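Okay, structure first, notes after.
The residues of the chain are indexed from 1 along the displayed sequence. Quick note: numbers below take in every heavy atom, side chains included, and nothing from hydrogens, waters or symmetry partners. What you see is a predicted model, and the numbers here were worked out from it, not measured in a lab.
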Amino acid sequence: MSELELLKKEYEKEFSCNVGDERLWRSLLQPFIENLYENKIVYEERGRVYLIKVSDLSMDVRHFEAKATGLILIKKNPRLKGTFPDTWNFGSAWSCLHIAGNALTTYGSGLIWPEPALVKSVEELVGSNKTEEALALTYNHKSFL
């Protein structure tokens, strides 16, 4: 079980509502955003899964935001035409951030896998052409099936 899954289990009641206690959620989730593996996370949006580099990270009492640079496209969405930009911005209000399986998610946005050990494993697996194994840790994780 990932650290995020354990946290959700411990605070199940608090994470079961639509919009949470901003202070509580920030205190619980900010460390996951601050303590990244080489400033990288696995990021999913509209069925596309990327390993991204995070820069220009800013956080305050209400939200966090950052700039993303796509490093590796791990999974394409064949139904989407066109390309994804090389860089984009992402973020969330703390009160809208939720734990979904072993990832973080916001309303109307994608999924973020910030845990350092998982990100490192995904990077190594993709580098060894083991994409399906990398996706099994993230997008195809048992908690989403």
Student check: side-chain heavy atoms of [X] and [Y] closer than 4.5 Å:
X      : Y      : value
Leu137 : Ser121 : yes
Ile41  : Phe32  : no
Arg26  : Val61  : yes
Ile33  : Leu104 : yes
Asn89  : Glu65  : no
Leu29  : Ile99  : yes
Ile52  : Trp88  : yes

Got more than 12 heavy atoms from elsewhere within 6.0 Å of NZ, Lys67?
-> no
Has Asp86 got more than 12 heavy atoms of other residues, nucleotides or ligands less than 6.0 Å from its CG?
-> no
Looking at every heavy atom in both [X] and [Y], which two are closest together, and how far apart are they?
X      : Y      : answer
Ala100 : Thr105 : CB-CG2, 3.8 Å
Asn77  : Arg48  : N-CG, 3.9 Å
Arg46  : Glu44  : N-OE2, 3.4 Å
Ala103 : Trp113 : CB-NE1, 3.3 Å
Pro31  : Ser27  : CD-O, 3.6 Å
Glu123 : Glu38  : OE1-OE1, 4.3 Å

Applying side chain to side chain donor-acceptor pair (under 3.5 Å) to Glu45 and not counting sequence neighbours gives Tyr43
Do the side chains of Leu80 and Leu111 join up, straight or via other hydrophobic residues, at under 4.5 Å, putting them in one cluster?
-> no
Identify whether Leu73 and Ile112 are in the same connected component of the hydrophobic contact network (ILVMFWY, side-chain heavy atoms under 4.5 Å).
-> yes
Side chain to side chain contact (heavy atoms under 4.5 Å, CB included) between Val126 and Leu51, worked out | CA-CA 9 Å; Val126 171; Leu51 178 68; over 6 Å; no
From [X] [atom1] over to [Y] [atom2], what is the distance, rounded to the nearest 0.5 angstrom?
X      : Y      : atom1 : atom2 : result
Lys75  : Glu132 : NZ    : CD    : 9.0 Å
Asn35  : Gln30  : CG    : CD    : 9.5 Å
Arg23  : Arg62  : CZ    : CZ    : 11.0 Å
Glu3   : Glu5   : CD    : CD    : 11.0 Å
Leu135 : Thr131 : CG    : OG1   : 6.5 Å
Glu133 : Ser128 : CD    : OG    : 9.5 Å

Could you tell me how the ring of Phe64 sits relative to the ring of Phe90: parallel (under 30°), tilted (30 to 60°) or perpendicular (over 60°)?
-> perpendicular
Can Asn102 and Leu4 be said to form a side chain to side chain contact (heavy atoms under 4.5 Å, CB included), step by step?
-> CA-CA 6 Å; Asn102 65 343; Leu4 283 172; 5.5 Å; no
Thr138 vs Leu118, side chain to side chain contact (heavy atoms under 4.5 Å, CB included): CA-CA, chis, key distance, verdict | CA-CA 8 Å; Thr138 56; Leu118 184 140; 3.6 Å; yes
Mark yes or no for whether Trp94, through its side chain, and Asp60, through its backbone, hold a donor-acceptor pair below 3.5 Å.
-> yes
